[in-house]
Every structure is written in structure tokens, then in C-alpha cells.
2 protein chains.
Amino acid sequence: MATTRDRQLHDRQLVEQWRSIQNSYFRTAGAIDRALEAKFDIGLNEFEILDLVADSEESACRMKALGERTPMTQSAVSKVVDRLEKAGLVSRQTCVDDRRSLFLELTEEGRALHASAAVEHRALLKENLGS
Amino acid sequence: MATTRDRQLHDRQLVEQWRSIQNSYFRTAGAIDRALEAKFDIGLNEFEILDLVADSEESACRMKALGERTPMTQSAVSKVVDRLEKAGLVSRQTCVDDRRSLFLELTEEGRALHASAAVEHRALLKENLGS
DNA sequence: TGAATGTACATGACGCGTCATTCAATGACA
DNA sequence: TGTCATTGAATGACGCGTCATGTACATTCA
């Protein structure tokens, strides 16, 4: 039978666990964000989208699919893509079989930047996630 | 000796691990945030500060100490406390031995709200963090 | 076919966190 | 004690994400 003391202990552990997740998330995300910002002038979310586009190189009506692979809102994705497009890293292509949809393509510049940034990204993950 | 293939595999695993952390962080944070917002009209960060103040009930020049226990910026903490104070949940007390510092106290209302919100918070952690 | 409903994406208002800066109070030291 | 550097906290400009909404296209079904 669970005593009050048991429950308090369990709660403490839960909260500890949560704080540790938060810290590791913020530490890692922050480090990557700052590094990418400094070296490539793009933020973490921009990179994440770039990364997703990069590794689904067979064509499809992307925007939609992207939203499903990231915790970002549809609206956030739209704005991130705005920025990527303005930066000339990605281009929106209209989709013939459903003209509401768009799919995305890396530009040459985008492909090049992604290649370098990915190295940095993986390195920082490795460093921050341990292993 | 590590082959190119080895490195690619390892990178994939790293990225998978990272995405899983992101998802679990966003899912959990989002759920708690929405719930607290709906039932108690405070956000997750407000609660976190409330929670920190609540469990360091011996007095000290808090603001500073708070900043060290949370990934939030000093400036963010300051603004969160603004909101908590406006909501009447917390009050800033000037500190006699160092008049630059402030420490925080829960108001009666703050203490009450924290008690209820903490129950919800722990429940959602439990639900989302598994265990 | 055409009205109703649903879907893909964009957009604007808004809230919040960050950075840089500021301000007051302290501390160090000549 | 008067200067200079430092520290705790607040503030304003700014960027980004979210929510609610808008717009164009698609689908369903009578």
C-alpha cells in the first residue's frame, strides 16, 4: 500500500527526471543553435527543415509531410521555409497533381550549406548527448 | 577501424535519438502548458518558477538563485516574475543585506494555486514521461 | 454540375524569450 | 575616501512560434 511518503518521493523523482530532460534539451538545442547561427547564419529550426528536405530527396508534395516529422506547427514550418527561401537555400515548387500543395527543393547553395552544417550538427549532438 | 558506413549509421542513430528527445520534450511541455493554462491560467514557465519558490521556503535572496536552477535567462525570469506578481501569486521582497537583490515570497493565493497546480503537473509528468 | 465540406498553405496579431543595455548598489584597492 | 570594476535586476527592441483566420484548390454527393 502506497503511503503519503511514497508518493512524495515518487513525485520528487519525477520532477528531477523532468528537470534533467529540460536541461539536456535546452543545453543541446542552445549549443547547436548558437553554433549554426554563428557559422552558417541559420537557426536550429531552419537546419532541421533543411535536414528533412535533404534526406527525402525523392520528390513528393513536401510541406505537408514536413509538418508531420517535426513538432513545429504548420504555420511555423511555413515561416521557416519563408526564411530559407529568402536565404536562397530552398525553393518552393508547385505541385502539378494538387495545386494546393508545394514541394521543396534544395538549391545548390542549400545543398552545400546543408552538407557543412550537418557535420557541425552531428558533432554537437554527439558532444551533448553523450555516447 | 571506422568505415564511412559506420559513421553514417552512427549519425543516423544520433539524429534519431535527438528527434526522440525533441518530441518527448515538446509533447510533455505542450501538454502541461495547455493544461495549466486552461485550469489555472498560468503557463509552464510561470509554474516552474512558482514551484521553485515553493520548495525553497527558507528565505534567501532568491531571484539570483532561481536563475541558476532553470534554463531560463535572467531576463526571462524577471519577466515571468512580473507576470506572477501581477497575478498576485508572488511578491518581491527587498533584501536588507544586499539592496540590489530581491527575494520572492508566495502569497496566500500563490500557495493555494501552487498546491493544486502541482498535483496536475505531477500527474501529467507521470503520464508523459512513462513510469 | 454546383453547393457544401474539407484540405494545403499563407498571413497577421499577439505573447514570450533573448540579447544588449541600463541603473543602482557593492566591492576592491589606491 | 574616491575611483573603477562587478554584480543583481529591469527594460526595450527584436525575432520567432502560435493561434485564428483567410484563400485557393479539391472532393463529395445530390
Side-chain angles (χ1 to χ4, degrees), chain A residues 22 25-27 29-38 41-49 52-53 59-87 90-105, chain B residues 22-23 25-27 29-38 41-49 52-53 59-87 90-104:
Chain A
Q22 278 187 308
Y25 176 75
F26 277 114
R27 207 168 21 75
I32 299 178
D33 195 47
R34 279 187 295 276
L36 293 179
E37 198 75 64
D41 201 41
I42 63 171
L44 176 53
N45 282 349
E46 277 83 356
F47 176 79
E48 306 265 17
I49 294 296
L52 286 174
V53 176
S59 59
C61 299
R62 214 70 69 197
M63 285 297 284
K64 184 66 198 316
L66 249 48
E68 285 156 11
R69 301 205 186 179
T70 186
M72 282 183 257
T73 303
Q74 172 265 316
S75 142
V77 173
S78 181
K79 293 181 182 188
V80 169
V81 172
D82 278 353
R83 275 172 257 143
L84 288 174
E85 199 172 25
K86 262 167 209 148
V90 131
S91 79
R92 281 184 237 240
Q93 308 289 140
T94 73
C95 194
V96 262
D97 43 304
D98 184 344
R99 298 196 347 245
R100 292 167 302 182
S101 296
L102 297 175
F103 65 96
L104 303 178
E105 247 179 22
Chain B
Q22 279 187 308
N23 282 323
Y25 176 75
F26 277 114
R27 205 169 23 74
I32 299 178
D33 195 47
R34 279 187 296 276
L36 294 178
E37 198 74 63
D41 200 42
I42 61 171
L44 176 53
N45 281 349
E46 277 83 356
F47 175 80
E48 305 266 18
I49 293 296
L52 285 175
V53 176
S59 59
C61 299
R62 215 66 71 196
M63 285 296 284
K64 184 63 196 318
L66 248 50
E68 286 155 9
R69 300 207 188 176
T70 185
M72 282 183 256
T73 302
Q74 172 265 318
S75 141
V77 173
S78 181
K79 292 180 183 189
V80 169
V81 172
D82 278 353
R83 275 172 256 143
L84 288 174
E85 200 173 26
K86 262 166 210 148
V90 130
S91 78
R92 282 184 238 239
Q93 306 291 138
T94 72
C95 196
V96 262
D97 43 304
D98 183 344
R99 300 198 343 248
R100 292 166 303 182
S101 295
L102 296 175
F103 65 95
L104 302 179

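Throughout, protein chains are lettered first and strands after them, A, B, ... in sequence-line order, and every chain is numbered starting at 1.
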From CE (B:Met72) to CG (B:Leu66), nearest 0.5 Å: 7.5 Å
Gap between atom CZ of A:Arg62 and atom CD1 of A:Ile49 - 0.5 Å precision: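 Nearest 0.5 Å value for the CD1-CZ distance: 11.5 Å.
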Round to the nearest Å and state the distance from [X] atom [atom1] to [N] atom [atom2].
X	N	atom1	atom2	value
B:Leu102	D:dT7	CG	P	18 Å
B:Lys79	D:dT11	NZ	P	9 Å
B:Leu104	D:dG8	CG	P	15 Å
A:Asp98	D:dA26	CG	P	6 Å
B:Arg83	D:dT11	CZ	P	13 Å
A:Arg100	D:dC25	CZ	P	10 Å

First encountered from the 5' end of DNA chain D, between A:Arg99 and A:Ala76: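 That would be A:Ala76.
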Nearest-nucleotide comparison on DNA chain D, the residue closer to the 5′ end among A:Val77 and B:Val81: B:Val81
Where chain B begins and ends its contact with DNA chain C, read 5' to 3' at 4.0 Å from heavy atoms: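 Footprint of chain B along DNA chain C, 5' to 3': C:dC16 to C:dT26.
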Ring geometry between A:Tyr25 and B:Tyr25 (parallel below 30°, tilted from 30 to 60°, perpendicular above 60°):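 Correct class here is parallel.
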Touch class at under 4.0 angstrom, heavy-atom based, for A:Arg92 against every strand present: sugar-phosphate
Touch class at under 4.0 angstrom, heavy-atom based, for B:Ser75 against every strand present: base
Atom of [X], atom of [Y] and distance for their closest heavy-atom approach:
X	Y	answer
B:Gly67	B:Val77	CA-CG2, 4.4 Å
A:Arg92	A:Leu104	CG-CD2, 3.6 Å
A:Phe103	A:Thr94	CE2-O, 3.7 Å

CZ/A:Arg69: more than 12 non-hydrogen atoms of other groups inside 6.0 Å: no
N/O (side chain, B:Ser78) to phosphate O (OP1/OP2, D:dA9) under 4.0 Å: no
